[in-house]
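Shown next, in structure tokens, is the structure this report addresses.
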Amino acid sequence: MTHQDIDRLVKSWIVDSATRPANPRVQEIVLRLVGDLCKAMEDLDIQPSEFWTGLEYLTAAGKANELGLLTPGLGLERFMDIRADEAEARAGLEGGTPRTIEGPLYVAGAPESTGFARLDDGSESEEAEVVFMQGTVFDAQGKPLPGAKVEVWHANLLGNYSFFDASQSHFNLRRTIITDDNGRYGFRTIMPKGYGCPPCGSTQKLLDLLGRHGQRPAHIHFFVSAEGQRKLTTQINIDGDEYLWDDFAFASREGLVPPIVRVGDAAALAEKGVDKPYASIDFDFHLHQDIAAAPSADVERLRAAA
Ligand code: MBD
Ligand code: FE
């Protein structure tokens, strides 16, 4: 079959046979996706057994709630970021803190405090390096933004996230911090380890067939939002991680790898109330003004809440 034959056929199934009120956007998208799939089946001579293998794969991935993990693993979440960057550039928005993917592990409802929070429950204090991270949230004119919301979440020493890992305490390593009168935020936590896809899960199964690993470098996630500003979804990566530029989710970006300063002098330790050297990370967030010319940066998707 030619691609033209396929286009005609698929249109007859999806659009021309519609006799009831329809959603034109859904029609347009389904027409395109089914057509592109049929063309791939034709061009690659995909056999029925292969088609059903693929369908059964997606069914299993869905049942295991891994489609939100497969999406970054296939680069699709990164692709949406590239498109969002391009849309902002077209709307005249340049600079600011780079965005990077949200990933599947955010949980709404974390405890909120103003200015400062401790994220970790202390359960890994023996083994973990202590981290103090702090900075200012700025608008595009360089004005600090008091009352901005900094939502932060990251993995523990095993690369696992609370809520999804039921062995951790409620909201461990998850907090919402409202910036103080100077637009400053700060938190104490532990140095995270990188996440690895569940070794026996659907995502890793496909990555194996593609000859790819399923590891992420150690990282800390952020949503940063403020009145009249575009919501920023981003992460920082921990410098020195072996996967820093080899992330299975393609989320590493220039500008999101802040220097880590190791602090060990007695006065600083006393001031912070810690008894061993810690890592200090300074990182400011630069937001864009909310403008109508750019598509919303507030992405709607089903998120866990606790
Ligand atoms: C993560 O922690 C993550 O950030 C992404 C994008 C995918 C899987 C696990
Ligand atoms: Fe993550």
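Just so it is clear, the structure is predicted and the values come from calculations on it, not from any experiment. Start at 1 and go down the list; that is how both ligands and their atoms are numbered. Residue numbers run from 1 in the order of the sequence given.
Of the N or O atoms in His221, one or more lie within a sub-3.5 Å distance of an N or O in ligand 1. Here's the thing with Gln235: none of its N/O atoms is less than 3.5 angstrom from an N/O atom of ligand 1. Note: no N/O pair closer than 3.5 Å links Tyr195 and ligand 1 by distance alone.
Checking Gln235 against the Fe ion (ligand 2), every N/O/S atom stays at or beyond the 2.8 Å cut-off. Look at His221 and the Fe ion (ligand 2): an N/O/S atom of the residue is under 2.8 Å from the metal.
Angle OH (Tyr161) to the Fe ion (ligand 2) to NE2 (His219): 90°, rounded to 10°.
Between Arg303 and Glu102 there is a salt bridge, since a side-chain N of the basic residue sits under 4.0 Å from a carboxylate O of the acidic one. Taking a cutoff of 4.0 Å between a charged side-chain nitrogen and a carboxylate oxygen, Asp208 and Lys205 do not qualify as a salt bridge.
The proximity of Glu77 to ligand 1, defined as any non-hydrogen pair under 4.0 Å, does not occur for either the backbone or the side chain. The side chain of Pro104, and not its backbone, has at least one atom closer than 4.0 Å to an atom of ligand 1 (non-hydrogen atoms only; side chain from C-beta on).
Taking CG of Leu93 as the reference point, atom CD1 of Ile291 lies at 4.0 Å (rounded to 0.5 Å). Rounding to the nearest 0.5 angstrom, the gap separating the CZ atom in Arg175 from the OG atom in Ser113 is 7.5 Å.
Those atoms of ligand 1 that come under 4.0 Å of a heavy atom in Leu69, given as number and element, are 7 (C), 8 (C). Of all the atoms in ligand 1, the ones that sit under 4.0 Å from a non-hydrogen atom of Leu105 are 1 (C), 2 (O), 9 (C). Counting the atoms of ligand 1 from 1 in the order shown, those under 4.0 Å from a heavy atom of Ile101 are 6 (C).
The cationic group of Lys149 does not satisfy the cation-pi geometry with Phe223, failing either the under 6.0 Å distance to the six-membered ring centre or the 45° limit from the ring axis. Cation-pi contact between Lys272 and Phe132: present, with separation from the ring centre below 6.0 Å and deviation from the ring axis of at most 45°.
Heavy-atom separations between His219 and ligand 1 include at least one value shorter than 4.0 Å.
Of the protein's heavy atoms, Arg216 NH1, 2.6 Å lies nearest to atom 4 (O) of ligand 1. The protein heavy atom nearest to atom 2 (O) of ligand 1 is Tyr161 OH, 2.8 Å.
Between the side chain of Asp282 and the backbone N or O of Gly135, no donor-acceptor pair lies under 3.5 Å.
The shortest distance between side-chain heavy atoms of Pro72 and Phe250 does not fall below 4.5 Å.
Screening Thr100, Asp85, Asp247 for a side-chain hydrogen bond (donor to acceptor under 3.5 Å, both in side chains) involving Arg253 leaves a single residue, Asp85.
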